[in-house]
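The basis for the numbers below is simple: all heavy atoms, side chains too, and nothing from hydrogens, waters or symmetry mates. Every chain is numbered from 1 and lettered A, B, ... according to where its sequence line falls, protein lines coming before strand lines.
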2 protein chains.
Amino acid sequence: MPLEKTQPEQDPEDAKICRLQDLVGYHLRRASVFDLQGAVSALEPANTRPVPMSVLLSIIETPGISSAEICRALGMQRANIVPILAELEERGLFLREADESDQRIQRLFPTRRGEEEAAAWLALVSEHERSMLRRLTAEEQTELRRLLAKIWQEDGPKQG
Amino acid sequence: MPLEKTQPEQDPEDAKICRLQDLVGYHLRRASVFDLQGAVSALEPANTRPVPMSVLLSIIETPGISSAEICRALGMQRANIVPILAELEERGLFLREADESDQRIQRLFPTRRGEEEAAAWLALVSEHERSMLRRLTAEEQTELRRLLAKIWQEDGPKQG
DNA sequence: TATTGTTATACTCTATAACTATA
DNA sequence: TATAGTTATAGAGTATAACAATA
């Protein structure tokens, strides 16, 4: 009988990771950097970047959201969203409205122009994703997204 | 016949991406950040970080590799590896040896201590990965790594 | 002319601390 | 006291330009 492989000397659960390529985290980082570079390039003609796009999409998906809520959803610091909102506001892509019952809070609403821009930005990024994922079947793409979400999303019913 | 779903009004290939969570790249970034933070924490007791670990592992996996080759393999700039190599060298984890036939090149070889340290670092990161991937089966973990590699690795026989 | 290792520097992204106003 | 929005600043990671030595 052909001996293609010797038996693992231990419980497979204890299989030693000994190369960089064995680490899922290494592939995560490489793939994420690859994606980010492509997304930045794809958004260049629209004169925006991935984080501002994510912020605008948050406003569109949840009209009336506050900046603090966006930061919690996207996992970013409140301090860092300030210049991003300032630029999106200057471009007329959303409006701020004081909350009636809590004067600390600004509720953010997309403008018509904001919705149009966001749709255009999404189209650019979608085309980049199609290229990035071209070696994956539709099923593999869905599975990849599902597995990635299981890594970073909370256990509970929460989502962000 | 039960009508569980209405037919998509278009070719499913044209299904519009309209939410942030539909983007694979968004989940890639969130998962990668999640991993990186955990890896940094895991490596803290060993007083190192993910990139220096990757560099040392490259030297161990390919003894005699040059710094320029490491940079090409890891996708980093030559200028940025200099302080990393300086620190690893100061800690006695590898040695530089001039190439005999090309005086421009330094060939890098791990010391015994470097191999021991790298094994300890890998153990720390492996434990972090076990925690990060605890909601995935062993098969899902393997599949995830395969799909991620398909995203960033070259089409050809090359690997890095 | 091209490559290696190196220095210096700039830029981006993210993190921290503190402030004010409101609650 | 806790939170929202803001400012200023610091840090890490990465990118660019240039250099001397070598091919």
| request: Count the heavy atoms belonging to other residues, nucleotides or ligands that lie under 6.0 Å from CD of A/E116, then report whether that count exceeds 12. | output: yes
Could you list the donor-acceptor pairs under 3.5 angstrom formed by side chains in residues 81-88 of chain B, with sequence neighbours left out?
from: B/E87; atom 1: OE2; to: B/R91; atom 2: NH1; distance (Å): 3.2

| field | Rounded distance (Å) that lies between atom C1' of C/dT4 and atom CD1 of B/I65 | value | 14 Å
| task | Please name all residues satisfying side-chain hydrogen bond (donor to acceptor under 3.5 Å, both in side chains) with B/Q77, sequence neighbours left out, ordered by chain then number. | result | none
| According to a strict under-4.0 Å criterion, is B/R107 in side-chain N/O contact with OP1 or OP2 of C/dT4? | no
| query | A/R49 near the nucleic acid: base, sugar-phosphate alone, or nothing, with a heavy-atom cut-off under 4.0 Å? | reply | sugar-phosphate
| message | Tell me whether A/V33 shares a hydrophobic cluster with B/Y26, the cluster being built from Ile, Leu, Val, Met, Phe, Trp, Tyr side chains joined at under 4.5 Å. | response | no
| task | At the 4.0 Å heavy-atom cut-off to chain B, mark where contacts on DNA chain D begin and end, going 5' to 3'. | result | D/dA12 to D/dA23
| query | Mind checking whether B/R112 and B/E117 have side chains closer than 4.5 Å, heavy atoms only? | reply | no
| remark: B/D99 atom CG is separated from C/dT3 atom C1', nearest whole Å, by 13 Å
| request: For DNA chain C, determine which residues of residues 75-96 of chain B have any heavy atom closer than 4.0 angstrom to one of its atoms, and list them numerically. | output: B/R78, B/A79, B/V82, B/R96
| message | What is the separation between atom CD1 on A/I70 and atom P on C/dT14, rounded to the nearest whole Å? | response | 15 Å
Can I get a per-line list of side-chain donor-acceptor pairs under 3.5 Å for residues 54-66 of chain B, giving both atom names and the distance, sequence neighbours left out?
from: B/S54; atom 1: OG; to: B/P50; atom 2: O; distance (Å): 3.0
from: B/S58; atom 1: OG; to: B/S54; atom 2: O; distance (Å): 2.8
from: B/E61; atom 1: OE2; to: A/L20; atom 2: N; distance (Å): 2.8
from: B/S66; atom 1: OG; to: B/E69; atom 2: N; distance (Å): 3.2
from: B/S66; atom 1: OG; to: B/E69; atom 2: OE1; distance (Å): 3.4

| query | Quick one: is B/S66 getting a side-chain N or O under 4.0 Å of the C/dT4 phosphate, OP1 or OP2? | reply | no
| For residues 92-105 of chain B, which residue pairs qualify under side-chain hydrogen bond (donor to acceptor under 3.5 Å, both in side chains), counting only residues two or more places apart or in two chains? | B/E89-B/R96, B/R96-B/Q106, B/D99-B/S101, B/D99-B/R107, B/D102-B/R104
| field | Whole-Å distance separating the CD1 atom of A/I105 from the C1' atom of C/dT20 | value | 16 Å
| request: Please figure out whether A/Q37 or A/L108 has its closest DNA chain D nucleotide nearer the 5' end. | output: A/L108
| remark: When every non-hydrogen atom of B/L93 is compared with those of B/R113, the smallest separation belongs to CD2-CG, 3.8 Å
| query | Are B/R134 and B/E129 close enough for a salt bridge, meaning some N to O gap below 4.0 Å? | reply | no
